Amino acid sequence: MKAAILSKFRNVFGRQPEIVARAPGRIEFIGNHTDYNGGTVLGAAIDRGVWVAYASRADGQRRFASDQRGEIISVPAAAIQRQEGPARWTNYPLGILASLPESGLRGPAGFDYLAMSDLPAGAGLSSSAAIELASALAFLGAVGSEPERETVVKLGRHAENHFVGVPCGILDQGVSGFGRENHLVFIDCRGPRFTTVPMPAGAHFWIFNTHTKHALVDGFYAQRHRECAEAARALGVPLLADVSPDALAAAADRLNPVAFKRARHVVEEIARVAAAVTALRQDDLAAVGRLLTASHRSSQTLFENSTPELDLLVDVLTGTAHVHGARLTGGGFGGAVMALTSAEFGDAQARGVAEAYAARFGARPDVLHARTGDGAALVAI
Ligand code: GLA
């Protein structure tokens, strides 16, 4: 990828880049919709991501290009406006530029900017967080700052919440920023505090991307966010993470049935994250797998953010040899399922899963055997 982005930058802009930055995509391992509820979550950075190459310009023009689209998009240095149409993807780097002064940081004026990705598109692996973090590192590097990881992570989330307009939590940016090869990232979202937990040897990740996406996915995400806030209000706490399972059970009669289901998913999911950390530390992958599958069943029945496509994949995977557990990964309402497997699970098993899916839904899911990788960083050139 490094050689490819250097040569593409020279082809597009006719000059050398001064800075190259890279940020990985992520898997949500367990902790579904817990982040914006003040809970905990485990994720893994993968060895694929978004690369950004950058060189300053003296004329104040901001020129963006990507490997996905041929044209150069020029954005005047004046007010930073949200882009629509083919330029929409530039809202991620533009969101970072807009977030820098809002976070008390300085950003560059004019530049040439190229983004390249080796993340499968639309697979729920959070290419948006990856482009945000790689852009933030490049822009801060351009003005000579060496930010803390946490600063870059928060800039990414700020851009996503306030410029792109998605009310996401800290999971995607936190994992892309703090990822470490052969480790999971544990986030206590309230701090937020970031640590890593070693991945037991012999654990493998497989991603099955359905390429399905509910037309209203963004609206549903925001709706779940609202429902959780309403449930917390009805329970008299600032965030659902403040409710114990016992307190929730005692309040069952006071909550409307939907609020109760959403709250129960979040409260029990936070307990599953803690149980998963314990099981990981004991190298008990079978127990971890059971927690992953239980998380999916809770998404299916309580949080109602699964789909028939995701459910079928989980059903088939959990009936397949060498699979410890499987669940939807990310926001839900379409997207991908991840499976935790032993090394014996291979292409033959993955093909069997894809065929069972195709027999029911026609199309085949994309299959990716993902490896863990390191978090966002500048790349030496
Ligand atoms: C999306 C959001 C995250 C998180 C997950 C669900 O990936 O971007 O912040 O809320 O959904 O756990």
Side-chain angles (χ1 to χ4, degrees), residues 1 23-33 42-50 66-68 89 92 116-131 166 168 171-172 175-176 179 203-218 220-221 289 292-293 295-296 299-300 303 305-320 322-341 345-373:
M1 276 297 276
R26 65 100 188 91
I27 297 168
E28 176 191 284
F29 187 72
I30 191 166
N32 191 242
H33 288 258
L42 278 167
I46 62 169
D47 64 347
R48 289 162 177 252
V50 175
S66 81
D67 61 339
Q68 324 266 318
W89 71 268
Y92 298 106
M116 273 181 104
S117 171
D118 60 357
L119 271 178
L125 298 172
S126 218
S127 52
S128 54
I131 189 172
V166 178
C168 68
L171 162 68
D172 306 343
V175 174
S176 183
H204 287 255
F205 293 119
W206 289 76
I207 308 289
F208 296 82
N209 178 15
T210 64
H211 285 291
T212 58
K213 185 175 167 185
H214 200 291
L216 299 175
V217 60
D218 294 343
F220 279 143
Y221 186 88
L292 299 185
T293 306
S295 163
H296 184 82
S299 287
Q300 195 176 344
F303 211 68
N305 60 333
S306 187
T307 62
E309 288 86 354
L310 300 172
D311 294 342
L312 179 96
L313 282 172
V314 170
D315 291 346
V316 174
L317 278 160
T318 51
T320 301
H322 315 303
V323 174
H324 296 301
R327 61 181 292 274
L328 67 82
T329 181
F333 306 109
V337 160
M338 62 141 284
L340 177 70
T341 76
F345 186 96
D347 290 333
Q349 283 78 10
R351 237 188 337 270
V353 174
E355 271 157 25
Y357 182 91
R360 165 94 178 270
F361 294 110
R364 276 172 181 277
D366 278 349
V367 182
L368 174 70
H369 184 185
R371 283 165 226 289
T372 58

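Only a predicted model underlies this, so the values are computations on that prediction, with no experimental measurement involved.
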Rounded to the nearest 0.5 Å, how far apart are CZ of F208 and CG of D366?
-> 11.0 Å
Smallest separation among heavy atoms of R364 and A358, with atom names = CG-CB, 4.1 Å
Atom CE of M338 and atom CD1 of I46: how far apart are they, to the nearest 0.5 Å?
-> 11.5 Å
Between F29 and V175, does a side chain to side chain contact (heavy atoms under 4.5 Å, CB included) hold up when you go through it step by step?
-> CA-CA 10 Å; F29 187 72; V175 174; over 6 Å; no
Nearest heavy-atom neighbours spanning T210 and G335 | OG1-O, 2.6 Å
Test item: I131 and W89 side chains (from C-beta on) under 4.5 Å apart, heavy atoms = yes
Give a yes or no on whether the ring-centroid distance for F345 and H204 is below 6.0 angstrom.
-> no
If you round to the nearest 0.5 Å, how far is CZ of F303 from CG of L328?
-> 10.5 Å
What's the spacing between L119 CG and D47 CG if we round to 0.5 Å?
-> 9.5 Å
With distance as the sole test, does T293 use its side chain to make a donor-acceptor pair with the main-chain N or O of A326 at under 3.5 Å?
-> yes
Taking all non-hydrogen atoms of both residues, which atom of S299 and which atom of N32 are closest, and how far apart?
-> OG-OD1, 3.1 Å
F361 and P308, any side-chain heavy atoms less than 4.5 Å apart = yes
Within the side chain of S66, is there an N or O that forms a donor-acceptor pair under 3.5 Å with the backbone of M116?
-> no
Quick one: do W206 and V323 satisfy side chain to side chain contact (heavy atoms under 4.5 Å, CB included)? Show the steps, please.
-> CA-CA 10 Å; W206 289 76; V323 174; over 6 Å; no
Atom pair NE2/CG of H296 and L317 - distance to nearest 0.5 Å = 10.0 Å
Go through the steps for C168 and Y221 under the test side chain to side chain contact (heavy atoms under 4.5 Å, CB included), then give the verdict.
-> CA-CA 8 Å; C168 68; Y221 186 88; 3.9 Å; yes
Could you name each residue pair satisfying side chain to side chain donor-acceptor pair (under 3.5 Å) that touches residues 324-337, not counting sequence neighbours?
-> E28-R327, S295-R327
So which heavy atom on N305 is nearest to which on G331, and how close?
-> ND2-O, 3.1 Å
Between R48 and R26, is there a donor-acceptor pair closer than 3.5 Å when you use the side chain of the first and the backbone of the second?
-> no
Donor-acceptor pair, side chain of S176 and main chain of P24, under 3.5 angstrom = yes
Quick check: does any side chain N or O of D118 sit under 3.5 Å from a backbone N or O of G49, one acting as donor and the other as acceptor?
-> yes
Are the side chain of N209 and the backbone of G124 linked by a donor-acceptor contact shorter than 3.5 Å?
-> no
A354 and V367: which non-hydrogen atoms are nearest, and at how many Å?
-> CB-CG2, 4.5 Å
How far does NE2 of H211 sit from CD of E309, to the nearest 0.5 angstrom?
-> 12.5 Å
Distance-minimising heavy-atom pair for D67 and S117 = OD2-N, 3.3 Å
